[in-house]
Amino acid sequence: MTTLTEYQRVTIVIALLAISVFLTYYFHTVLMLGTVFSHFFYIPIILTALWWEKRSILVAIFLGGLVVVSSFLYRPDILTLNDYGRALMFVVIAFVVASLSEQLKRREQEVKKQRDLVQRYLDVAAVLLVVIDANHTIRLINRRGCELLGYREEELIGKDWFATVVPEASRKTRRQDFDAAIANNAAFPGRRESPVVTRSGDELILAWQDTVLTGDDGQPGAVIGSGADITDRIMAEEALRAAHDEANLYLDIMAHDINNANAVSLGYADLLVDMLEGKEREMIRKLRGGISRSIEIIQNVSTIRRLHSHETTAKPVDLDAIIRAEIAHHPDARIVYDGKPVGVMADDLLSEVFANLIGNSIKFGDPGVEISVRVKKGDETVRVSVEDTGPGVPDAVKPILFTRFARGTSSRSGKGLGLYITRTLIERYGGRVWVEDRVPGRPEEGAAFRFTLFRSNRAREPPAPSAPAAPDRLIIARP
């Protein structure tokens, strides 16, 4: 809509006043009429009131005086009280319209102020913000949105959002989703990835979120949406994912080759142990220990990779079967286990917990170390204990024993990854792990590693033996 300049408004009012003077003369002197022409006077009065508010009263006084004076000069015989009433009515109309005009302009100014304030808020936002009417047209968009899309604001306002910035491949679906949101007065919940096309034809990916706006009548009339440009982040994630996959490939190859080399070396070491005596046998035993530590490191690294590569999805697991399988891996160790069938919520990495705890007891204990594995059922949880008669854990070390790279005081202490992995797994299953003295207050008599797990659905647990004569006890003794 074209807005008149001040000069144009003044010209129009002067022209209307001149016409009014001419009509007054024409009606009185030529047509010999009195009142019909005065209806035209309302036009300059109302326009002046709309444009300059109460200045219109001066115009009303001028025109009212023109009616009275002209009647008095040209047709004094028809000058009546009605002429004075019309003159007064001009002033009243000018005052009323001027007052209404002032109120409208104040409201317009308030609305403009609020709109400008909202626009400033929108403009300082670091994301695209847009208001889309129910008919798909853009009602408002902030500065960041214009910069992101490559348009000026006036080039977007009033344009169809979907036809202008949405890729053609997804345009139909996005329109349908939008219309459904308006119809149901409920936008799509949460954030989602939403592609847009810039003026230059580049496609950007926005993290999009929107909500439906309702009018005073409670009916949905528009949708306000916000979008943060995540194109670079997605590209970086894709590049990182490719690099991660390539790194994993190299790690798999390296672990496979190292394990093969370790297996061969371990086989030769076992043969040499039986063939040599004295100092040479002891050196081979130390060599064998180094190879075993290499195998342990490779296993720990593989476990950590699995921990970071996959989400933990807990499922019912047969705890008894896992414990027995791990004990079977140590045929030369003296291990006592009170077998109790029970199901817990874990995954296939639970075996690593027992591999680390039982392995540590064997590695750090004396040749005659005894290990006990105990399982105690609760209403909702299971408490597992792995106790040994080894050198124990000093009180100063207990609080940090399960942290990454923490080491004990033994000369044979490793890099601490095993217990770190144990704590990570147990906590991911929802339990907790800690270490105590096997004999309270006497750490030198061995350690007791304890942890809890949630029980699985009891209906899935293996039935317990009915009235056994003695507890199911598995003992593997060192020869």
Side-chain angles (χ1 to χ4, degrees), residues 1-4 107-242:
M1 182 177 178
T2 304
T3 302
L4 296 175
R107 290 185 181 180
E108 287 178 356
Q109 290 174 352
E110 290 175 1
V111 170
K112 184 177 182 301
K113 185 183 299 184
Q114 294 296 324
R115 186 174 63 246
D116 292 343
L117 183 61
V118 170
Q119 187 67 49
R120 285 199 296 272
Y121 288 155
L122 295 179
D123 286 342
V124 298
V127 299
L128 178 150
L129 290 170
V130 61
V131 177
I132 308 170
D133 281 330
N135 61 359
H136 304 167
T137 59
I138 302 171
R139 182 194 302 179
L140 183 147
I141 187 168
N142 68 337
R143 182 182 299 123
R144 174 56 179 162
C146 294
E147 293 172 351
L148 205 62
L149 298 173
Y151 292 91
R152 297 192 304 272
E153 182 181 0
E154 58 270 20
E155 293 176 323
L156 290 174
I157 299 299
K159 296 293 181 64
D160 186 298
W161 168 261
F162 301 97
T164 306
V165 303
V166 176
E168 187 174 357
S170 58
R171 193 172 297 163
K172 182 178 179 180
T173 302
R174 296 270 293 279
R175 274 202 181 106
Q176 291 174 346
D177 292 342
F178 180 90
D179 293 338
I182 291 292
N184 300 325
N185 195 13
F188 187 89
R191 288 194 174 189
R192 59 194 184 278
E193 291 183 6
S194 179
V196 294
V197 177
T198 67
R199 185 173 189 173
S200 61
D202 296 329
E203 185 168 308
L204 304 177
I205 305 297
L206 304 182
W208 187 263
Q209 190 168 6
D210 50 31
T211 187
V212 177
L213 300 177
T214 56
D216 295 335
D217 57 357
Q219 297 299 313
V223 168
I224 180 170
S226 66
D229 184 10
I230 57 173
T231 309
D232 292 341
R233 190 191 77 188
I234 290 179
M235 293 177 63
E237 288 176 352
E238 291 177 351
L240 184 62
R241 191 177 300 112

> Could you walk me through whether Leu148 and Thr198 pass the side chain to side chain contact (heavy atoms under 4.5 Å, CB included) check?
Replying inline: CA-CA 7 Å; Leu148 205 62; Thr198 67; over 6 Å; no
>> Before you tell me yes or no, could you show the steps for Val165 and Ile138 under side chain to side chain contact (heavy atoms under 4.5 Å, CB included), namely the whole-Å CA-CA distance, both residues' side-chain angles and the distance that decides it to 0.1 Å?
In response: CA-CA 11 Å; Val165 303; Ile138 302 171; 5.5 Å; no
> Can Thr164 and Tyr151 be said to form a side chain to side chain contact (heavy atoms under 4.5 Å, CB included), step by step?
Replying inline: CA-CA 10 Å; Thr164 306; Tyr151 292 91; 3.9 Å; yes
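With sequence neighbours left out, Asp210 forms a salt bridge (charged side-chain N to carboxylate O under 4.0 Å, His left out) with Arg192.
In this structure, Asn142 contributes its side chain and Leu129 its backbone to a donor-acceptor pair below 3.5 Å. For the pair Thr231 (side chain) and Ile205 (backbone), a donor-acceptor distance under 3.5 Å is present. Arg171 places a side-chain N or O within donor-acceptor distance of the main-chain N or O of Val166, the cut-off being under 3.5 Å. A donor-acceptor pair under 3.5 Å is absent between the side-chain atoms of Asp133 and the main chain of Asn135, judged by distance alone.
Taking all atoms of both residues into account, the shortest heavy-atom contact from Gly225 to Trp208 is CA-CZ2, 3.6 Å. Shown here for Ile182 and Gly221, the closest heavy-atom pair between the two residues is CD1-C, 4.5 Å. Pro167 approaches Val196 most closely through the heavy-atom pair CD-CA, 3.9 Å. Scanning both residues, Val127 and Ser226, for their nearest heavy atoms gives CG2-CB, 4.4 Å. Across every non-hydrogen atom of Gly158 and Thr137, the tightest pair is O-CG2, 3.7 Å.
Remark: Glu147 CD to Leu128 CG distance equals 10.5 Å, nearest 0.5 Å. Interatomic distance, Ile224 CD1 to Leu213 CG, rounded to the nearest 0.5 Å: 5.5 Å. If you take CG on Leu206 and CG on Leu149, they are separated by 7.5 Å, rounding to the nearest 0.5 Å. Considering CG of Asn184 and CG of Asp179, their distance stands at 10.5 Å, rounded to 0.5 Å. Rounded to the nearest 0.5 angstrom, His136 NE2 and Arg174 CZ are separated by 11.5 Å. Note: Glu154 CD to Cys146 SG = 8.0 Å, rounded to the nearest 0.5 Å.
Residues Arg175 and Asp160 are in side-chain contact: their nearest non-hydrogen atoms beyond the backbone lie under 4.5 Å apart.
Heavy-atom contacts from other residues, nucleotides or ligands closer than 6.0 Å to CZ of Arg191 number 12 or fewer. The number of heavy-atom neighbours closer than 6.0 Å to CD of Gln176, taken from other residues, nucleotides and ligands shown, is above 12.
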